[in-house]
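As the structure is a prediction and not an experimental result, all values here were calculated from the model. One-based numbering, in listed order, for ligands and for the atoms of each. When a residue number appears, it is its place in the shown sequence, counting from 1.
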Amino acid sequence: MANFKTKVCIIGGGPSGLMLSQLLDLKGIDNILLEKHTREYVLSRIRAGVLEHGFAELMREAKCGERMDREGEIHEGFFIADNGNMRRIDLSGHTGGNSVVVYGQTELTRDLYDARAAMDGTVIHEAENAALHDITSDKPVVTYSKDGEEHRIECDFIIGADGFHGVSRKSIPVDKIREYEKLYPMGWLGILSETKPVSPELIYARHERGFALCSLRSQVLSRYYIQVPLTDTVEDWTDEAFWQELHRRLPGDVAGRMETGPSIEKSIAPLRSFVAEPMRYGNLFLAGDAAHIVPPTGARGLNSAASDIYYLYHAMMDHYLKGDSSGLDKYSETALARIWKAQRFSWWMTTLLHTFPDMPEYDRRLQETELEYLFSSEAAQTSLAENYVGLPF
Ligand code: APR
Ligand code: PHB
């Protein structure tokens with residue numbers, strides 16, 4: 001067995017783990033990151049693409065923002081289409097000039113991996129069977145196997161950034177953690193296509209046949225979604241069927257100018273809201289999807305991970321560089337306060353824009369009224385805009 005010692009052991013090589021590893025390394029805080037898959041496997045995942053202002057700033061602070069600033073697109077608004085008509089939410093106008101960056105999570109994760117390699121960071125791929133030990137002691141341990149050999153890492157802190165299905169949250173005794181969950185009776189069927197995006201800004205479409213979203217990764221790579229029943233599988237949907245259904249749910253002028261083409265990726269994701277409390281147990285800290293999940297409607301998933309990492313980064317700096325552990329002690333409370341606001345916004349956007357099976361007529365009229373109120377009230381649009389560009393960390 002090989003033994004290692006480090007200050008912080010990070011489990012999970014997605015955006016959360018990589019970002020924290022990079023930020024800590026830049027401050028001279030030694031850390032080891034364990035990822036169970038290969039770099040190629042992690043980068044094969046297609047995920048979200050809207051970055052809050054705060055996330056973009058964190059990428060720049062991590063010295064990983066150069067390609068994002070070069071290739072990402074600044075978006076100052078988006079559209080909401082409702083059964084044929086379309087109105088714009090002016091993000092910049094309602095937030096004093098704030099905006100979001102549209103830049104694919106896959107590319108962002110690639111940039112983080114490249115930055116870790118450039119700093120010769122300790123990122124261990126194909127680290128299998130990670131297990132957490134002595135979590136409540138002042139010297140917790142993580143063991144894992146690689147190439148048939150067992151390894152042991154002694155550390156001060158463990159960061160569980162291993163996603164919803166990871167080992168970290170499940171290592172907390174059931175009587176020490178509370179889980180809150182809401183499942184939605186629909187999924188999102190998403191495709192990537194090498195086509196010109198139909199709109200320079202995102203279009204969120206409410207339609208009696210179901211929700212649709214027009215997004216993009218670049219001016220030659222489009223990302224589209226349609227709401228589908230949870231019982232659907234990708235095999236149920238040919239490209240042609242997808243394009244036909246998407247056209248039905250968009251305003252005629254938008255559908256009429258849409259460039260279609262073969263899908264280069266096609267997948268269905270369920271809609272789920274989930275929060276685990278607290279986000280600390282002993283010297284284990286949960287971050288990102290390991291602690292919380294949102295439906296993708298409000299584009300909060302990656303951005304919620306960002307605020308966790310921001311809080312952990314500053315708390316670890318204060319601990320190691322100033323001997324002040326108050327940030328660590330307050331982490332769970334601070335992170336959850338912002339997480340629940342993202343949960344609320346994601347639930348609100350999802351409830352507003354989706355067609356729910358067996359939806360009572362009253363609820364349908366309520367949706368219509370909510371949209372009418374939104375577009376008749378500057379205050380309502382300001383509320384939506386400040387949540388979408390990102391509440392302060
Ligand atoms: N050991 C090591 N690594 C693990 C383990 C384990 N036992 N279990 C999971 N992992 C790895 C996964 O392979 C994955 O690469 O942890 C990583 C977790 O990454 P994400 O699931 O992307 O979670 P996170 O980094 O918090 O990023 C959140 O990703 O899922 C999207 O919508 C979500 O945009 C949000 C973002
Ligand atoms: C995406 O581009 O994948 C995307 C954009 C906005 C969302 C969800 C997904 O709300």
Side-chain angles (χ1 to χ4, degrees), residues 9-21 32-52 55 73 75 78 80 100-106 108-109 112-113 123-132 142-146 158-171 188 190-192 197 201-204 211-218 221-225 265 267 269 271-272 274 286-309 312 342 345-346 349-350 353 387-388:
C9 182
I10 299 169
I11 304 177
S16 300
L18 288 165
M19 173 72 85
L20 184 61
S21 177
I32 293 176
L33 186 150
L34 302 178
E35 166 53 50
K36 74 176 180 183
H37 290 300
T38 63
R39 181 184 185 279
E40 292 69 29
Y41 182 92
V42 174
L43 293 176
S44 69
R45 299 174 184 137
I46 301 299
R47 294 279 174 71
V50 173
L51 309 183
E52 291 176 359
F55 195 119
E73 291 190 5
H75 282 215
F78 65 81
I80 295 179
V100 293
V101 178
V102 173
Y103 186 62
Q105 179 175 320
T106 303
L108 176 148
T109 306
L112 287 164
Y113 268 122
V123 175
I124 300 171
H125 284 283
E126 297 178 284
E128 299 177 312
N129 310 311
L132 292 71
V142 176
T143 57
Y144 69 96
S145 56
K146 181 172 170 67
I158 303 171
I159 307 298
D162 46 354
F164 184 70
H165 300 291
V167 65
S168 298
R169 188 182 69 250
K170 295 165 188 167
S171 300
W188 279 20
I191 71 158
L192 266 182
E201 293 179 328
L202 274 59
I203 301 173
Y204 291 81
F211 170 81
L213 172 60
C214 303
S215 183
L216 60 122
R217 292 290 176 271
S218 70
L221 190 59
S222 301
R223 180 69 166 166
Y224 294 108
Y225 298 93
E265 191 272 347
S267 54
L271 272 58
R272 176 203 308 268
F274 174 86
L286 301 179
D289 273 19
H292 42 77
I293 297 283
V294 284
T297 326
R300 293 306 96 190
L302 183 56
N303 295 299
S304 302
S307 52
D308 293 348
I309 296 310
L312 276 173
F345 179 65
S346 302
M349 282 275 277
T350 301
L353 297 173
N387 279 278
Y388 197 89

Per-atom contacts of ligand 1 with [X], taking only distances under 4.0 Å to non-hydrogen atoms:
X: Gly288; answer: 26 (O)
X: His37; answer: 13 (O)
X: Val167; answer: 7 (N)
X: Gly301; answer: 34 (O), 35 (C)
X: Leu34; answer: 2 (C), 3 (N)
X: Gly166; answer: 8 (N)
X: Ala161; answer: 16 (O), 17 (C), 18 (C)

Side-chain heavy atoms of [X] within contact of [Y], under 4.5 Å:
X: Pro15; Y: Thr109; result: yes
X: Arg47; Y: Leu302; result: no
X: Leu216; Y: Glu73; result: yes
X: Ile80; Y: Leu353; result: yes
X: Asp289; Y: Ser16; result: no
X: Tyr144; Y: Ile11; result: no

Original post:
Between Tyr225 and Trp188, what is the ring plane arrangement, given parallel below 30°, perpendicular above 60°, and tilted in between?
Top reply: tilted
Original post:
Where does the angle between the aromatic ring planes of Tyr204 and Tyr388 fall among parallel (under 30°), tilted (30 to 60°) and perpendicular (over 60°)?
Top reply: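 Rings of Tyr204 and Tyr388: perpendicular, over 60°.
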Name the closest protein heavy atom to [atom], giving the residue it belongs to and the distance to 0.1 Å.
atom: atom 11 (C) of ligand 1; value: Glu35 OE1, 3.2 Å
atom: atom 21 (O) of ligand 1; value: Gly163 CA, 3.8 Å
atom: atom 19 (O) of ligand 1; value: Gly14 CA, 3.6 Å
atom: atom 27 (O) of ligand 1; value: Pro15 CD, 3.6 Å
atom: atom 1 (N) of ligand 1; value: Ile11 CG2, 3.7 Å
atom: atom 36 (C) of ligand 1; value: Gln105 NE2, 3.6 Å
atom: atom 35 (C) of ligand 1; value: Leu302 N, 3.5 Å

**OP:** Return a yes/no value for His165: is any of its N or O atoms, backbone included, closer than 3.5 angstrom to an N or O of ligand 1?
**Re:** no
Subject >> Arg217 NZ/CZ over Tyr103 ring centroid, <6.0 Å and within 45° of normal >> reply: no
Subject >> Qualifying residue for side chain to side chain contact (heavy atoms under 4.5 Å, CB included) with His75, from Leu51, Val100, Val50 >> reply: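 Single side chain to side chain contact (heavy atoms under 4.5 Å, CB included) partner of His75 among Leu51, Val100, Val50: Val100.
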Original post:
Should Val142 and Ile32 be marked as a side chain to side chain contact (heavy atoms under 4.5 Å, CB included) after you check the CA-CA gap, both sets of side-chain angles, and the distance that decides it?
Top reply: CA-CA 11 Å; Val142 176; Ile32 293 176; over 6 Å; no
Have a look at [options] and point out the one with the heavy atom closest to [atom].
atom: atom 26 (O) of ligand 1; options: Ser16, Ser168, Gly12; result: Ser16
atom: atom 31 (C) of ligand 1; options: His292, Arg47, His125, Lys170; result: Arg47
atom: atom 9 (C) of ligand 1; options: Asp162, Asn303, Asp289, Val294; result: Asp162
atom: atom 14 (C) of ligand 1; options: Lys36, Met19, Arg45; result: Arg45

Original post:
Under a 4.0 Å N-O cut-off, is there an ion pair linking Arg45 with Glu265?
Top reply: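 Salt bridge: no.
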**OP:** Begin from the C-alpha positions of Asp162 and Leu34 and carry the test side chain to side chain contact (heavy atoms under 4.5 Å, CB included) through to its verdict.
**Re:** CA-CA 9 Å; Asp162 46 354; Leu34 302 178; over 6 Å; no
**OP:** Run the numbers on Val167 and Lys36 for side chain to side chain contact (heavy atoms under 4.5 Å, CB included), then give the verdict.
**Re:** CA-CA 11 Å; Val167 65; Lys36 74 176 180 183; over 6 Å; no
Return all side-chain donor-acceptor pairs below 3.5 angstrom for residues 37-44, not counting sequence neighbours, or 'none' if the list is empty.
{"from": "Thr38", "atom 1": "OG1", "to": "Tyr41", "atom 2": "N", "distance (Å)": "3.0"}
{"from": "Arg39", "atom 1": "NH2", "to": "Asp114", "atom 2": "OD1", "distance (Å)": "2.5"}
{"from": "Ser44", "atom 1": "OG", "to": "Tyr41", "atom 2": "O", "distance (Å)": "2.5"}

For ligand 2, find each of its N or O atoms that sits under 3.5 Å from a protein N or O atom, and tabulate the pairs with distances to one decimal place.
{"from": "ligand 2", "atom 1": "2 (O)", "to": "Ser215", "atom 2": "OG", "distance (Å)": "2.6"}
{"from": "ligand 2", "atom 1": "2 (O)", "to": "Arg217", "atom 2": "NH1", "distance (Å)": "2.8"}
{"from": "ligand 2", "atom 1": "2 (O)", "to": "Arg217", "atom 2": "NH2", "distance (Å)": "3.4"}
{"from": "ligand 2", "atom 1": "3 (O)", "to": "Arg217", "atom 2": "NH2", "distance (Å)": "2.8"}
{"from": "ligand 2", "atom 1": "3 (O)", "to": "Tyr225", "atom 2": "OH", "distance (Å)": "2.6"}
{"from": "ligand 2", "atom 1": "10 (O)", "to": "Tyr204", "atom 2": "OH", "distance (Å)": "2.8"}
{"from": "ligand 2", "atom 1": "10 (O)", "to": "Pro296", "atom 2": "O", "distance (Å)": "2.9"}
{"from": "ligand 2", "atom 1": "10 (O)", "to": "Thr297", "atom 2": "O", "distance (Å)": "3.1"}
{"from": "ligand 2", "atom 1": "10 (O)", "to": "Ala299", "atom 2": "N", "distance (Å)": "3.4"}

